[in-house]
Peer 1: 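The structure is given below, and queries will be raised subsequently.
Hydrogens, waters and symmetry mates play no part in the numbers below; they use all other heavy atoms, side chains included.
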Amino acid sequence: MKKFLLLFIGAVVLFSCKDDKEEEMGLPPVINLEENRYYVEVGASQVISPTYENTDNETLYLWTRDGKQVGHEPTYTFKMSTAGTYYLKVSVTNKYGSASADIRVEVMEAEKDPEEGAYIPEPSTDFSWEFPATEINMAEGRTYKVKAYFIQNDNQASYTWTLNGVTVSEAATKDEKPVEYVLSGLSRGDYELALTMQNETESHTQVFNVHVCPPEGTYRRGTSSASQAMVNKVYEYMPAPGHQVNGYRIVGDFGPDGMTMKQACDSVYAHFQRQWMVSLGAQGGYLIAGFDHSVENSGGDYDLCIKSNPYSYQNEPGIIWVSQDENGDGLPNDTWFELAGSEYNTENEILEYAITYYKPIEGKKPIYWVDNQGNHGVVPHMDYWNPHPSYWQDWVEGKQKTYFGSFLKNYVTYSGGVSDEPAFEWGYADQAGSDYFNGKIGNSGYFKISNAKTWDGKDASLQYIDFVKIQTAQAAYTNNLGEVSTEVYYISDFHLE
């Protein structure tokens, strides 16, 4: 019995020592941050409240701002009267160790009239209209809609369409019905379509050269052992204004001032080779790239990969268009088909959309825009993102530029220095929808040629495609992140990855 009692007492002592040892080997503190970057207006307060683990009433807290001590509490209230970038560090110490975390705070000027300082052109009294293209290539058996946009000062004119000199549409004012005409049922050959505006004092005619090409498949290009998955050429880089499109701060190697379109396209291609970012700027901005082979329609599986950089709070959807080399000249001057996403044919999308930007006449000013829906706004100049005097690109000719395409409704919000740019369900570049996942080329968007639509919403049923166009879909911005602008890193044929 004594032997058993001694064993029991020994066991108690042993476990008691073990508990004391565990207590002595406690854990150092842990800092959890919901955000490590904040955006605050001048004079506004921002409470920063990390959560902590392994702390008690003896734990020590230290906050520093740009290296100077500013607080000793678990939370810190930040407030500054001068715009700029500030760096905070929170350090936490208990008897078992220390932990620290860095926080960046961008202090911005308070909100003001966003159009202040923008160049807003005086209304003209001259007649004008705009068209996406006047040279039309379409495969035999297809249809094509020709439409006039931004008709100004026509003074109740009538409009007449002729095809090879024969009237094919009754005269009508633009208020009675849209000024548009659908080419259909044409056999192979060349045609001259003309639209004439006539009012009491003047007449204007726009001629369209129409080339009805051989049927689909005539210029299809197969793959070989030399075919590459990535696009092999960038044909056009036409970004809308934006704080990242000229490469300053974010992509500083993009190129010098005075670049030509060709130099810009070459730079974009070099970025794709490294999977580096290319921004398309604000709504309508686009790039066009092509493959060294025809990308086959798998009939429902994924066919294209487009790598971007969406975040949970920042989705910048880009509409994807595809085209075949219908006339066989190797250039993307043929019919474009939109790849329908989740918002196609819903209240969240406007088809046949157009937006015009006006070149600023002073540096570091917002860039004004109007659209064909009666809306207007600006692309802001954001010096702390990009201090270059102008976000208007050197290779964009003229004092204004119109972009044609489709538009997605904005659900962008900004409050208390925090932005939210939510994703749509699927079908768009640079957003975290259901088709953005870790697949063949890692985290990327994956897209189907089978979703291609004709201008009237019908399935295009394309057998293959040769060219891809990606276009920023939304016209919006927030105080901290700037304009919504689709970014692209890489475009490839899913089947060859």
Side-chain angles (χ1 to χ4, degrees), residues 129-138 144-150 178 180 234-242 245 278-290 304 306 308 315-324 332-357 367 369-377 379 393 396 400-410 424 427-431 445 447 451-457 460 462 465 467-476 483-488 491:
W129 53 10
E130 294 194 55
F131 303 90
T134 57
E135 199 82 15
I136 298 167
N137 297 300
M138 53 186 289
Y144 190 106
K145 180 191 276 191
V146 184
K147 181 175 179 176
Y149 291 79
F150 288 119
E180 59 189 32
V234 176
Y235 293 86
E236 287 186 49
Y237 178 49
M238 191 60 76
V245 293
V278 173
S279 175
L280 304 183
Q283 209 289 333
Y286 67 89
L287 66 80
I288 296 174
L304 296 170
I306 301 176
S308 307
N315 295 271
E316 302 176 285
I319 292 173
I320 302 162
W321 305 76
V322 294
S323 179
Q324 295 176 339
N333 52 15
D334 312 273
T335 310
W336 287 103
F337 301 88
E338 181 175 342
L339 291 193
S342 58
E343 311 314 300
Y344 188 84
N345 201 29
T346 73
E347 62 180 10
N348 286 332
E349 182 173 25
I350 299 173
L351 305 177
E352 298 177 357
Y353 179 80
I355 185 169
T356 300
Y357 297 91
I367 296 177
W369 59 261
V370 298
D371 68 13
N372 65 335
Q373 306 298 307
N375 303 310
H376 63 88
V379 175
Q393 301 313 293
V396 178
Q400 63 186 67
K401 173 66 179 175
T402 298
Y403 297 79
F404 303 90
S406 294
F407 172 91
L408 291 179
K409 185 176 179 180
N410 303 319
F424 292 108
Y428 307 101
D430 197 14
Q431 65 142 36
F447 304 95
N451 288 326
K453 300 292 184 181
T454 59
W455 63 268
D456 54 355
L462 302 177
I465 61 100
F467 308 106
V468 175
K469 174 181 177 180
I470 305 171
Q471 168 232 320
T472 299
Q474 294 179 317
E483 82 288 338
V484 170
S485 52
T486 302
E487 276 88 56
V488 183
I491 306 170

Peer 1: Taking the side chain as C-beta and beyond, is there a heavy-atom pair between Ser406 and Tyr344 under 4.5 Å?
Peer 2: no
Peer 1: Could you tell me if the side chain of Tyr428 sits less than 4.5 Å from the side chain of Ile319, heavy atoms only?
Peer 2: yes
Peer 1: Donor-acceptor pair, Gln471 side chain versus Tyr286 backbone, under 3.5 Å?
Peer 2: no
Peer 1: Got a second to check how far Glu338's CD is from Lys469's NZ, nearest 0.5 Å?
Peer 2: 10.5 Å
Peer 1: Rounded to the nearest 0.5 Å, what's the gap from OH on Tyr149 to CZ on Phe404? Could you check?
Peer 2: 7.0 Å
Peer 1: So how far is it from His376 NE2 to Thr356 OG1, rounded to the nearest 0.5 Å?
Peer 2: 14.0 Å
Peer 1: State whether the side chain of Asn137 and the backbone N or O of Asn333 hold a donor-acceptor pair below 3.5 Å, judged by distance alone.
Peer 2: yes
Peer 1: Is atom CD of Glu347 surrounded by more than 12 heavy atoms (other residues, nucleotides or ligands) closer than 6.0 Å?
Peer 2: no
Peer 1: I'd like to check Asp371 versus Phe407 (side-chain heavy atoms, cut-off strictly below 4.5 Å). Are they in contact?
Peer 2: no
Peer 1: Evaluate the side-chain proximity of Gln400 to Glu130: yes if any heavy-atom separation is below 4.5 Å, no if none is.
Peer 2: yes
Peer 1: Looking at Ser279 and Glu487, would you say the former's side chain and the latter's main chain have a donor-acceptor pair under 3.5 Å?
Peer 2: no
Peer 1: Of all heavy-atom pairs between Trp455 and Tyr144, which one has the smallest distance, and what is that distance?
Peer 2: NE1-N, 3.9 Å
Peer 1: Between Thr472 (side chain) and Thr486 (backbone), is there a donor-acceptor pair under 3.5 Å?
Peer 2: yes
Peer 1: Side chains of Asp430 and Leu280, heavy atoms from C-beta outward: is any pair under 4.5 Å?
Peer 2: no
Peer 1: Looking at Glu352, is its backbone amide N or carbonyl O close enough to the side chain of Asn372 to form a donor-acceptor pair, meaning the two atoms are under 3.5 Å apart?
Peer 2: yes
Peer 1: Ile465 versus Phe337: any side-chain heavy-atom pair under 4.5 Å?
Peer 2: no
Peer 1: Measuring only between side-chain heavy atoms, which start at C-beta, is Val484 closer than 4.5 Å to Asn410?
Peer 2: no
Peer 1: Quick check: closest heavy atoms across Ala282 and Val379, and the distance to 0.1 Å?
Peer 2: CB-CG2, 3.7 Å
Peer 1: Search all heavy atoms of Asp334 against all heavy atoms of Phe467 and return the closest pair with its distance.
Peer 2: OD2-CE1, 4.2 Å
Peer 1: Looking only at non-hydrogen atoms, find the nearest pair between Leu408 and Glu343 and report the distance.
Peer 2: CD2-CB, 3.9 Å
Peer 1: Between Gln431 (side chain only) and Phe424 (backbone N and O only), is there a donor and an acceptor less than 3.5 Å apart?
Peer 2: yes
Peer 1: Donor-acceptor check, side chain of Tyr403 to backbone of Tyr353, threshold 3.5 angstrom: yes or no?
Peer 2: no
Peer 1: Can you check side-chain contact (heavy atoms from CB on, under 4.5 Å) on Leu287 and Ile491, steps first, answer last?
Peer 2: CA-CA 11 Å; Leu287 66 80; Ile491 306 170; 3.9 Å; yes
Peer 1: If you take all heavy atoms of Ile320 and Ala429, which pair is closest and at what distance?
Peer 2: CD1-N, 4.0 Å
Peer 1: Write down the atom of Pro317, the atom of Gln474, and the distance for their closest heavy-atom approach.
Peer 2: CD-OE1, 3.4 Å
Peer 1: Taking side chain as C-beta onward, heavy atoms only, is Tyr357 less than 4.5 Å from Val370?
Peer 2: no
Peer 1: If I take atom CD from residue Gln393 and atom CE from residue Met238, how far apart are they, to the nearest 0.5 angstrom?
Peer 2: 10.0 Å
